[in-house]
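Worksheet for the structure shown next.
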Amino acid sequence: MPPVFAHGRLRLYLLKLLDEAPRHGYEVIRLLEERFQGLYAPSAGTVYPRLAKLEAEGLVTYATEGGRKVYSITEAGRAELADRGGELADLELEIRESVSELAAEIRDDVRGAAGALRREMRAAASASATPVEDASWAAAKEELRKARQEWKEQARRAKDESRRAREEAQAARRQAKEAQERAREEVMRIASQFQEQFAKSGGMLGNLAGSWLGGSAASTGTGTSTGTGTGKTSTTAADPASASGAAAAASAPAAPHWAEDLASTGDPARDLDRLLDRFRDDVRDAARDHGVTPARLAEARAHLAAAADRLARTLGPRR
């Protein structure tokens, strides 16, 4: 008999059955027998070790009820089931084909047994001088008729199951394609919304950095161009973006009350780290809320360069 499940397929089908509802091992065996129209029933030695392996991999879990383990699928198991959705549709089709193959084997077995029975009956009749169709002969013919009828019914069910499997597989592929299209449209819609929000936001990110720079200048007592006390301009000439950022920061309004909720710890180095963390969080919030384009990134880089230059001078050695 050909294998009912290909390699790894029984594992996938066990996840599908547990995704439908929590079940104990005997119930899983019974459901598999029903799916195969009674033509195949896996043994406990086939099902229980695989359930234990799925539990060890974190794909299923179990609870003990009435002395029996009732298995349930985990989120990790659902994730694997979703990733292998296409395989699941193919598996349903394979099960129907397996039912058809099993029914064909039963049909061949019935035909062979019936032929052997007829031959034995003819031999017995030939050996008898006066062959008589007694009760044994009538019973044998009735058994043969019932076997033929059962084979016809199983073949009809197998054919119906195979047809339904093909239809379900086609529907599953169609639904997967539609889901991909909807996901792509949703991504495009969200991207368009981000673009619109960023267009409306104006220079919010630049204003935030400029306000912070103004607050730093006010708190340290330094001007926008006198970091060393010599009266000389200290903007780096080799970085036009930094010069532009420094000019924008100098024109921005001061924010002396920025981060005033951060109480002093008594350790200036630690307080500086907390201020830098707050600044980083504010910038990230602005970027997340309004989006970042290459142009805005360049502008933000200029503001940050100016801030870094000014802070380096402020925290550097005094002359």
Looking at [X] and [Y], what are the two nearest heavy atoms and their distance?
X	Y	value
W258	L275	CH2-O, 3.5 Å
P49	A44	CD-O, 3.6 Å
A263	D271	O-OD1, 4.3 Å
G58	A76	O-CB, 3.8 Å
P42	L32	CG-CD1, 3.4 Å

Check: [X] side chain, [Y] main-chain N or O, donor-acceptor pair, under 3.5 Å:
X	Y	result
R23	I29	no
R270	T265	no
T74	L59	yes
Y48	Y26	yes

Does a side-chain N-to-carboxylate-O contact under 4.0 Å join [X] and [Y]?
X	Y	value
D160	R156	yes
E142	R145	yes
E185	R189	no
E33	R30	no

Distance in Å, [X] [atom1] paired with [Y] [atom2], rounded so as to fall on 0.5 Å steps:
X	Y	atom1	atom2	value
L276	L311	CG	CG	7.0 Å
R280	L304	CZ	CG	13.0 Å
E34	E27	CD	CD	9.0 Å
L54	R11	CG	CZ	5.5 Å
D267	R274	CG	CZ	10.5 Å
D281	R288	CG	CZ	9.5 Å

So do the side chains of Q149 and K146 get within less than 4.5 Å of each other, counting heavy atoms only?
no

Indicate yes or no: at least one non-hydrogen side-chain atom of V60 is less than 4.5 angstrom from one of R50.
no

Would you find more than 12 non-hydrogen atoms of other residues, nucleotides or ligands less than 6.0 Å from Y62 atom OH?
no

Is the count of non-hydrogen atoms from other residues, nucleotides or ligands lying under 6.0 Å from R68 atom CZ greater than 12?
no

Give a yes or no on whether V70 and L14 share a hydrophobic cluster (residues Ile, Leu, Val, Met, Phe, Trp, Tyr; joining criterion: side-chain heavy atoms under 4.5 Å apart).
no

In terms of side-chain heavy atoms, does E150 have a donor or acceptor partner in Q154 at a distance below 3.5 Å?
yes

Check the pair L272 / L315 against side chain to side chain contact (heavy atoms under 4.5 Å, CB included), numbers first and verdict last.
CA-CA 11 Å; L272 178 60; L315 299 175; 3.8 Å; yes

